[in-house]
Amino acid sequence: MSDFNDVTYRNTFRHTSAHILAHAVKRLYPETRLAIGPAIDQGFYYDFDRETAFTAEDLQAIEDEMKKIVKERLPIERFELNRAQARQLMLEKGETYKIKLIDELPDDTVITFFRQGDFVDLCSGPHLDNTGEVRSFKLTQLAGAYWRGSEKNKMLQRIYGTSFPDKQMLKDYLAQQEEARKRDHNKLGRELGFFTTVDYIGQGLPIMLPKGARVLQILQRFVEDEEERRGYLLTKTPFMAKSDLYKISGHWQNYRDGMFIIGDPEKADEVEVLALRPMTCPFQFQAYLTKTRSYRDLPIRYAETSTLFRNEASGEMHGLIRVRQFTISEGHIVCLPEQLEEEFKGSLDLAQYMLRVLGLEDDVSYRFSKWDPAETDKFIGSADVWDRVQETMQGILDNMDLEYAVGIGEAAFYGPKLDIQIKNVFGKEDTLITIQIDFQLAERFGMEYVDREGRKQYPYVIHRTSIGCYERTLALLIEKYAGALPLWIAPEQARILPISEKHQATAMALAGRMRSLGLRVEVDNRDEKIGKKIREAQMEKLQYMLIMGDKEIEDNTVSVRSRREGELGAIPINQLIDRLQRETAEKFH
RNA sequence: GCCGCUGUGGCUCAGAGGUGGAGCAAUUCACUCGUAAUGAAUAGGUCGUGAGUUCGAUUCUCACCAGCGGCUCCA
């Protein structure tokens, strides 16, 4: 029961930590009202309602008070009250949020409280036996959070913390966080010259610098070639369209806040109002609609490396992970009902192939994202259609031996999704790849096919990405590889370092030869010492450094330093070229 | 959008109500160099933007913009 690797014990430990936090806050700031305080992945938090904002100094004071509570070794006792008593107790303490929680509990719930010293909290538990067990903890951050997670409610103050049974574990955790910070793509990606942002341009609109742009180009070529091999047809569709198009798709009604609109949306019924595309589906559907389609024509697989524009809320942007303009490997497969399963599997296979090649396959998790029947206004179509499509998707997933979580309310507005989730270096989860089943938009757009009996039918549409969003993928790759991208996607694969000026011409010639063979090679022609050139190449995370002086030129070799393997000594040039070409072709990571 | 924090030369950071500094990077010159930083000199900032307070603001106040951590939202 005291194994910290055990999730149940760890959560109990953190939950008690949250109570100690709340206890300290109540001692120091009695006017504060308590909301909720659960254990989370990396620690715990507690939400408070207090007129004055907590400051960094308050946080320190709270932490000191928590230390006292731990030292006091207060026993923690559980007790039960009936509903009226429970309300009465919370009323006396002025805990209005707790009363709301009590009122929402189902009739048959046993209402429990936990007491430590003079502190009592409504809580289902369980808890540790004594506050003295929480030996090591730290309050990590201060944040705002809506009561009950709804933006319609009041914004509370959330204090995050983490805790461990001993000091060393906390130290290790903090050191590991420090390491993570060094990998943060938003810092590393800027330092290494992958991208930048400029105030004049605006939020969520990064500039891809030559290195970043080169990586995106490599990825894009790779994805497009692979999709072509898998029977996709390429489209190039416009970046914007009249509101008319989005009215059919439902974006105008269900996604307008997310769109950049050119003109006054209120006048869209009278005059032409354009909007930048937030998704590619309605555009590719127009390609389908150019002809009458027979069941024999299906499946039709469209793909496009598609630039999308989404007007994200201003507080949402984050490096390359959340931006307002991004490029996605978008595709739509129009298929017959009996083809759905195979096409779905094919889409997943392509996605998984991409993950494998990028070395990310062990870092992802799967989520079956369903609609929320309680929030019908966020989704189009009837409960019937949703139930049917979700059941169909469930059947496909069950045949696939895939472990997945379920996300209620996470569906797209037109259909359920299988999302491939990935965590960034700080443990925050985002969707990398998505595969969606849609049986609604075809009907809205009048996309039909003629079946064997000559009747018109609506097809299924699979909306899918193969590598997801390129910018986001780049961000995750930078973090995964701490900036040292695998050779096949590295913007600069090797750098030739001439020992002195007299070796420069030969170095340039070699670079030219290697470039003509498709390798991305640069020469460091500065009049600097070799030690400095090496140091800088090392800091730029170069995979290969090729040192060239008198000896090497004489022997037709280069002295190779590999980031992965260190000094490799002199290697004949032909042999080195073979090696680089092989590693590139095999997509080593 | 909401809560909180931040904004000084390319980067990291000092500084103070009276018109700003360091290290690294950059440029130039010298050195022609053998596996993680050669030396010297020079240049570079309307202190995020705009208002206000003040004799005077980059330093105080407000608004806006941008960045960060969350919430909500989402690829």
Side-chain angles (χ1 to χ4, degrees), chain A residues 45 47 53-56 59 140-160 181 184 186-187 190-191 193 196-205 255 257-258 278-279 306 308 310-330 369 378 409-410 412-413 417 419-422 426 428-434 436 463 465 467-473 475 497-504 526-539 545-552 559-561 566-569:
Chain A
Y45 68 79
D47 284 347
F54 289 117
T55 63
L59 222 56
T140 49
Q141 51 189 330
L142 211 44
Y146 298 107
W147 164 243
R148 313 240 80 174
S150 167
E151 61 187 330
K152 295 185 188 97
N153 293 336
K154 184 166 184 187
M155 174 71 62
L156 307 174
Q157 298 187 64
R158 174 172 297 177
I159 297 176
Y160 283 94
R181 212 158 299 144
D184 179 3
N186 207 5
K187 187 168 178 359
R190 288 171 199 271
E191 277 171 10
T196 188
T197 49
V198 175
D199 284 8
Y200 306 113
I201 293 180
Q203 269 195 305
L205 297 168
Y255 206 83
D257 286 349
M279 299 180 193
S306 189
L308 301 182
R310 296 188 186 175
N311 191 10
E312 300 290 341
S314 61
E316 274 316 321
M317 264 61 75
H318 172 68
L320 294 181
I321 287 186
R322 279 296 282 286
V323 289
R324 280 180 166 155
Q325 176 186 318
F326 54 97
T327 316
I328 200 167
S329 60
E330 181 105 278
S369 298
K378 286 192 180 171
E410 302 284 354
F413 73 81
K417 312 191 284 177
D419 290 320
I420 303 182
Q421 303 292 107
I422 191 157
F426 297 116
K428 184 164 172 162
E429 189 177 280
D430 273 294
T431 302
L432 191 61
I433 293 173
T434 181
Q436 313 168 354
H463 305 236
T465 66
I467 202 175
C469 167
Y470 285 91
E471 291 82 354
R472 183 173 284 183
T473 300
L497 311 180
I499 296 283
S500 78
E501 207 170 345
K502 64 185 179 200
H503 309 115
Q504 287 180 358
R526 296 171 307 162
D527 287 346
E528 294 290 351
K529 290 202 163 176
I530 193 68
K532 178 158 184 171
K533 293 182 184 181
I534 288 169
R535 176 182 157 80
E536 290 185 8
Q538 195 77 28
M539 297 210 299
M545 288 164 240
L546 315 178
I547 292 140
M548 195 175 229
D550 288 336
K551 272 184 291 180
E552 289 81 3
S559 278
V560 180
R561 264 179 88 114
E567 265 187 72
L568 299 179

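A, B, ... follow the sequence lines: proteins, then strands. Residue 1 opens every chain.
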Original post:
Within this structure, what is the OH-to-C1' distance between A:Tyr200 and B:G48, rounded to whole angstrom?
Top reply: 9 Å

**OP:** Return the set of residues passing salt bridge (Lys or Arg N to Asp or Glu O under 4.0 Å) with A:Asp184 (not counting sequence neighbours), or none when no residue passes.
**Re:** none

Original post:
Does the A:Gln157 side chain pair with the main chain of A:Phe54, one donor and one acceptor, at a distance under 3.5 Å?
Top reply: yes

**OP:** Look at A:Glu536 together with A:Arg526 and state whether they make a salt bridge at an N to O cut-off of under 4.0 Å.
**Re:** yes

Give me, pair by pair, the N or O atoms of the protein and of nucleotides 8-12 of chain B that are less than 3.5 Å apart, along with how far apart they are.
none

Subject >> Exam field: side chain A:Ser329 to backbone A:Ile467, donor-acceptor pair closer than 3.5 Å >> reply: yes

Original post:
Reading nucleotides 70-75 of chain B from the 5' end, what letters show protein touch, with B for base, S for backbone sugar-phosphate only, - for no heavy atom under 4.0 Å?
Top reply: BBBBBB

Subject >> Nearest-Å distance once atom P is located in both B:G39 and B:G34 >> reply: 15 Å

Original post:
Residues two or more places apart in sequence or in another chain: which of them pass side-chain contact (heavy atoms from CB on, under 4.5 Å) with A:Asn153?
Top reply: A:Trp147, A:Arg148, A:Ser150

**OP:** Kindly give the heavy-atom pair with the smallest separation between A:Thr434 and A:Gln436, and that separation in Å.
**Re:** OG1-NE2, 3.3 Å

Subject >> Residues in side-chain contact (heavy atoms from CB on, under 4.5 Å) contact with A:Ile321, at least two apart in sequence or another chain >> reply: A:His185, A:His318, A:Asn424, A:Asp430, A:Arg472, A:Ala475

**OP:** State whether A:Gln157 places a side-chain N or O below 4.0 Å from either non-bridging phosphate oxygen (OP1 or OP2) of B:G4.
**Re:** no

Original post:
For A:Glu429, what residues pass the salt bridge (Lys or Arg N to Asp or Glu O under 4.0 Å) criterion, not counting sequence neighbours?
Top reply: none

Subject >> Atom pair distance, as rounded to whole Å: CZ in A:Arg535 and C1' in B:G34 >> reply: 18 Å

Subject >> Counterpart residues, side-chain contact (heavy atoms from CB on, under 4.5 Å), relative to A:Ile547 (two or more places apart) >> reply: A:Leu497, A:Ile499, A:Ile530, A:Ile534, A:Ser559, A:Arg561

Original post:
Between B:G4, B:U35, B:G67, which nucleotide gets closest to the side-chain atoms of A:Ala53?
Top reply: B:G4

Subject >> Set of residues satisfying salt bridge (Lys or Arg N to Asp or Glu O under 4.0 Å) with respect to A:Asp47, sequence neighbours excluded >> reply: A:Arg158

Report all interatomic pairs (protein N or O, nucleotide N or O of nucleotides 27-33 of chain B) with separations under 3.5 Å.
residue : atom : partner  : partner atom : Å
B:U32   : O2   : A:Glu501 : N            : 2.9
B:U32   : N3   : A:Glu501 : OE1          : 2.8
B:U32   : O4   : A:Glu501 : OE1          : 2.7
B:U32   : O4   : A:Asp527 : OD2          : 3.2

Original post:
Given atom CG of A:Asp199 and atom P of B:U6, what is their separation to the nearest angstrom?
Top reply: 18 Å

Original post:
Between B:A37 atom C1' and A:Glu536 atom CD, what is the distance in whole Å?
Top reply: 8 Å

Subject >> Main-chain N/O of A:Pro498 paired with A:Lys533 side-chain donor or acceptor, under 3.5 Å >> reply: yes

**OP:** Using side-chain contact (heavy atoms from CB on, under 4.5 Å) as the criterion, list what pairs up with A:Lys529, not counting sequence neighbours.
**Re:** none

Subject >> For A:Lys154, salt bridge (Lys or Arg N to Asp or Glu O under 4.0 Å) partners two or more places apart >> reply: A:Asp49, A:Glu51

**OP:** Could you summarise the pairing of RNA chain B as dot-bracket text, marking Watson-Crick and G-U pairs under 3.5 Å with ( ) or [ ] inside the strand and | across strands?
**Re:** (((((((..((((.......)))).(((((.......))))).....(((((.......))))))))))))....

Subject >> B:U49 and B:A66, which share atom name C1', separated by this distance in whole Å >> reply: 10 Å

